[in-house]
Amino acid sequence: MEKEGFWGLQWQSTGAKLPPELNSGPAASDQLPQCFLHLNWKQPMAHDADFESALSSLVSSPCSNPPASADGSGIGELIGRLGGICNSNDISPSYRYRSADASCYGTPLNSPPKLNLSVMDHRQQGRGGPPMPVNRVPGPHLGPLSAEPGFEDGAARLSCFAGRSSGSFAGQFGFLEPGNLSEASRSESPKAGFGSCVGVGQNRSERPAHLETEMRSTIGVSSTAEKSELGNGPEESSLSHRMTAEASSLKGIADNNSGKWKTAAKRKGREAPLSSSATNPPANMTEEENSDAKRCKSADRNGGAKNAAVKPKTEQNGDPGHREGKDNDHKPPEPPKDYIHVRARRGQATDAHSLAERVRREKISKRMKFLQDLVPGCNKVTGKAVMLDEIINYVQSLQRQVEFLSMKLTTLNPQMDVSMENFLPKDMYQSRGLMPQPVYPAEIGTVLSYAHQPQTIALQSVMTSGLEAQFSLNSLQSSLRQSQSMQHATTDAYTDAPSQLGGLWEDDLHSVAQTGFGQNHGQTHTGHMKIEL
Amino acid sequence: MDSENSACGNPNPNPTLGPSKLMLAFRFLRALSLVHRTTPASSRTCRGRRIERAAYASMAYSAGTGRGWSRAVLRRLHHRARRRAVAPRRLSTTAGNRAEALRQLVPGGAGMDYCTLLEETADYIKCLSMQVELMQGIVDSSSSYGP
């Protein structure tokens, strides 16, 4: 295939150059990216098979001679290259890489393909090569690459990771940003980087993750190796954070990028502690994180979108950069950023601001849905504007209704004065903290007897009217109980009422008994009756 | 209503559950009786406005102070009571922006962000509809058998 052939060619050529380049140091590093660029540019989407073959060829070439120190850088470079190539592909190729790499280096690098994207971008940008068709890779910024010393450190770290990590890395390492590796090779002291990263790497069992994140950070941003945990897992992110922190602190470059990376890592969500650890680095890191987060979209493979977003948000309130939580970058046209967007969680922006906006938008839509249920006849309406209009109309109509009914009530029920006081049972007063109203047992009797006749009708009307059934039932129930326990002369009045109403409401009243009304309220009954009159 | 304002003790203890209908009815009926008792029958409009104010007051008290709109209503009522002003008319002018119109409708909506405004609107609609239901029931029951 064309690709294959091309790749083979390129790989071979680059591979051949690698050893000398690797050993040459900074000067060589520049050349390497070029090679990578060539490779990457023409092969935006490398097929797995091609990849593997290319990888093996690439891998084998540096294998032959790199010295111990160069090994790391060389490996890093290769990995970076591989990563770059694999960027376009998804994870699957990364795994393949693993096997290819493992054979040669035996370094387990499990960097997700996402890293590649970032690397690729770097390359492209720096060289001005054709933009990678990979969606994930926005306009790369290779330019800053060379400018960043930090990048080298990051790359160095990555490479050291590679060396130290176990077999898992092998496949993934390739995905790490090749840019990092190239930078590492460029740096004058890859060994130093190794040493530092070694120490760091030790702490985490997830080397690949760290390495990956490191790679990503270096590549994605202009070179601060932000270790966003691009997606390998919490440990990785934490480690990566640390690494990035160091890198960023060292370089202080690509603030934006590193910030993003960090945020991306944090977003991974799990790591609330990670993010906190990541926050150790200087303030610039946070900004970087923001930028990095965008890039590190890929980090969130686990897909805990919401949780991740919310967690970092809540945990890092003070750290806007860590808000990202879930970013996912499905939109190919990345906003104008300097970093490469790694494949992030789906559906969420990586920016702290966009994350907050997203949460806010979700809150608003939730409330709009609730309002839709509340306002009658809004089910068919779609769209916020129309819904809002409906809501406004409904509120206006309700207010007009209140006004109208109050006008109507001005002429009604002049007889409610006395009964109002006895309206509710004393229990209710006490339980709700209301002022106890005076009870006039005499009135109750008179009222009851007075309201004796129309009471069924009135009560029924009340029931059928818009009045709350619970309200009337409770009052009736309490009054009934009261009346039954009363031993006054007016008992007959009481009994009349219950007997009349009992048939109607007994069952209902009993069912409503849970309101907790006491058994000594008779006033409500009378009050209720009165109202009807 | 002054009586309404002063007579009510602890408002609804469960603002999240929404106002209790029973409490609402109780408060409103009590205030209604008070209005009928205190205002002369000649001033119908005055009484009408007082009843309307009583309705809103009972609504706000039932809703409790956990809601922004209920607090705004009570605040407004207290100020009005002090200054002896007429019941506030909630005019909803045709605002170009719908959010603005909603803010004018919902009491206390001017100082809220959009998200909170929606939440308050939902609660306000709930309470308003309960109040309307109650008043309608009273009117229906009393008009059927009243003189």
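Reminder, nothing fancy here: chain letters follow the sequence lines and each chain counts from 1. In this text, all values refer to a predicted model and were calculated from it rather than measured experimentally.
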Of all heavy-atom pairs between Ile364(A) and Cys115(B), which one has the smallest distance, and what is that distance?
CG1-SG, 3.8 Å
Is a side-chain donor or acceptor of Gln399(A) paired with a backbone partner of Leu105(B) at a separation under 3.5 angstrom?
yes
What's the shortest heavy-atom distance between Val395(A) and Thr121(B), and which atoms?
CG2-CG2, 4.4 Å
Supply the atom-to-atom distance Lys363(A) NZ to Thr116(B) OG1, rounded to the nearest 0.5 angstrom.
7.0 Å
Given a strict heavy-atom distance threshold of 4.5 Å, which part of Phe404(A) is in contact with chain B: side chain, backbone, both, or neither?
neither
Pairing residues for Glu119(B) by the side-chain hydrogen bond (donor to acceptor under 3.5 Å, both in side chains) criterion, not counting sequence neighbours:
Arg367(A)
Need one label for Leu371(A): side chain, backbone, both or neither, based on atoms under 4.5 Å from any heavy atom in chain B.
side chain
With a 4.5 angstrom heavy-atom cut-off, could you sort out which part of Asp389(A) is near chain B: side chain, backbone, both or neither?
both
Working to the nearest 0.5 angstrom, can you tell me the gap between Gln396(A) CD and Leu128(B) CG?
12.0 Å
Atom pair CZ (Arg103(B)) and CD1 (Ile392(A)), whose distance is rounded to the nearest 0.5 Å
11.0 Å
Once you round to the nearest 0.5 Å, how far does OG of Ser406(A) lie from CZ of Arg53(B)?
11.0 Å
In chain order, what residues pass the side-chain hydrogen bond (donor to acceptor under 3.5 Å, both in side chains) check against Ser365(A), with sequence neighbours excluded?
none
Can you tell if the side chain of Ile138(B) reaches within under 4.5 Å of the side chain of Leu405(A), non-hydrogen atoms only?
no
Roughly how far apart are Met407(A) CE and Arg49(B) CZ, rounded to 0.5 Å?
7.5 Å
Atom of Ala122(B), atom of Leu374(A) and distance for their closest heavy-atom approach:
O-CD2, 3.0 Å
